[in-house]
Amino acid sequence: IRERRLEHLLGADLMMYALEEATTLCLLYREEDRPFDVVKIAERLGPLNVNLPSSARLRLAWAYLQLGKIAQAKFWLQRSLPDSPLEIAWKHGMQAELYKSEGTQNAKEDSLSEIDKAIKVCLGATVDPKVSLDLAQRRLRAYRQDRARIIQYLFYEKKRAVAEYEKLV
């Protein structure tokens, strides 16, 4: 129903409402782990998609990253300006993934640096009364696990990785 509503809004040239509906769809499809559908919404908007709010842009970056479309993921991630702590951390986490996928000379170090930033933001979120403590702690554990994997698989430092994994248990 929402997709049909989006079609009608676009057809009626009600662009502000169409962007709102598209944003809602991007949020819903992200929660349902449907990256292809997030991309389809942006494609349906055409050139109007650059006017999507930051929350939708972040989900577009996620969708393209999930689909292995690195250039598009990078494009949308650079244009997202999250303001909530967990979305800021998520942006750092996705940037770490982009660095890993690029395979440049400093990819390992840059990836680890971004994960460390995500961890720092999540640590701050655990004491933020506006953020769900449970959710902040779950995200923090996930980023710490990502950190351990980076140390293990990119730096090949097994002992250091084991120490990171032990902090998680």
Output every pair passing side-chain hydrogen bond (donor to acceptor under 3.5 Å, both in side chains) with a member in residues 121-140, not counting sequence neighbours, ordered by first then second residue. Asp134-Arg138
Lys108: salt bridge (charged side-chain N to carboxylate O under 4.0 Å, His left out) partners, not counting sequence neighbours: none
All salt bridge (charged side-chain N to carboxylate O under 4.0 Å, His left out) counterparts of Asp146, not counting sequence neighbours: Arg149
Residues that Asp83 engages under side-chain contact (heavy atoms from CB on, under 4.5 Å), provided they are two or more places apart: none
Who passes salt bridge (charged side-chain N to carboxylate O under 4.0 Å, His left out) against Glu97, sequence neighbours left out? Lys100
Heavy-atom closest contact (Leu52 atom, Ala22 atom, distance): CD2-CB, 4.0 Å
Is there a donor-acceptor pair under 3.5 Å between the side chain of Asn49 and the backbone N or O of Gly46? yes
For Val121, what are the other residues in its hydrophobic cluster, where any two members join if their side-chain heavy atoms are less than 4.5 angstrom apart? Ile88
Any pair counted as side-chain hydrogen bond (donor to acceptor under 3.5 Å, both in side chains), so long as it reaches residues 24-33, sequence neighbours left out: Glu3-Tyr29, Glu32-Arg34
Is there a path of hydrophobic side-chain contacts, each under 4.5 Å between heavy atoms, that joins Leu86 and Leu58? no
All pairs passing salt bridge (charged side-chain N to carboxylate O under 4.0 Å, His left out) where residues 39-63 contributes a residue, at least two apart: Glu7-Arg44, Asp37-Lys40, Arg59-Glu87
Supply the members, apart from Tyr17, of the Ile/Leu/Val/Met/Phe/Trp/Tyr cluster built from side-chain contacts under 4.5 Å; use none for a lone residue. Leu9, Leu14
Lys120 meets the salt bridge (charged side-chain N to carboxylate O under 4.0 Å, His left out) criterion, sequence neighbours left out, with none
Is it the case that over 12 heavy atoms from other parts of the model lie below 6.0 angstrom from the CZ atom of Phe155? yes
Would you list the atom pairs, donor with acceptor, under 3.5 Å between side chains in residues 159-169 and any protein atom, with sequence neighbours excluded?
unit_1 : atom_1 : unit_2 : atom_2 : d
Arg160 : NH1    : Glu157 : OE1    : 2.9
Glu164 : OE2    : Arg147 : NH1    : 2.9
Tyr165 : OH     : Gln152 : OE1    : 2.9

Might you point out which heavy atoms bring Ser54 and Pro82 nearest each other, and give the distance in Å? OG-N, 3.4 Å
Return a table of donor-acceptor pairs under 3.5 angstrom between the side chains of residues 61-78 and protein atoms on other chains or two or more places apart.
unit_1 : atom_1 : unit_2 : atom_2 : d
Lys74  : NZ     : Glu102 : OE2    : 3.1

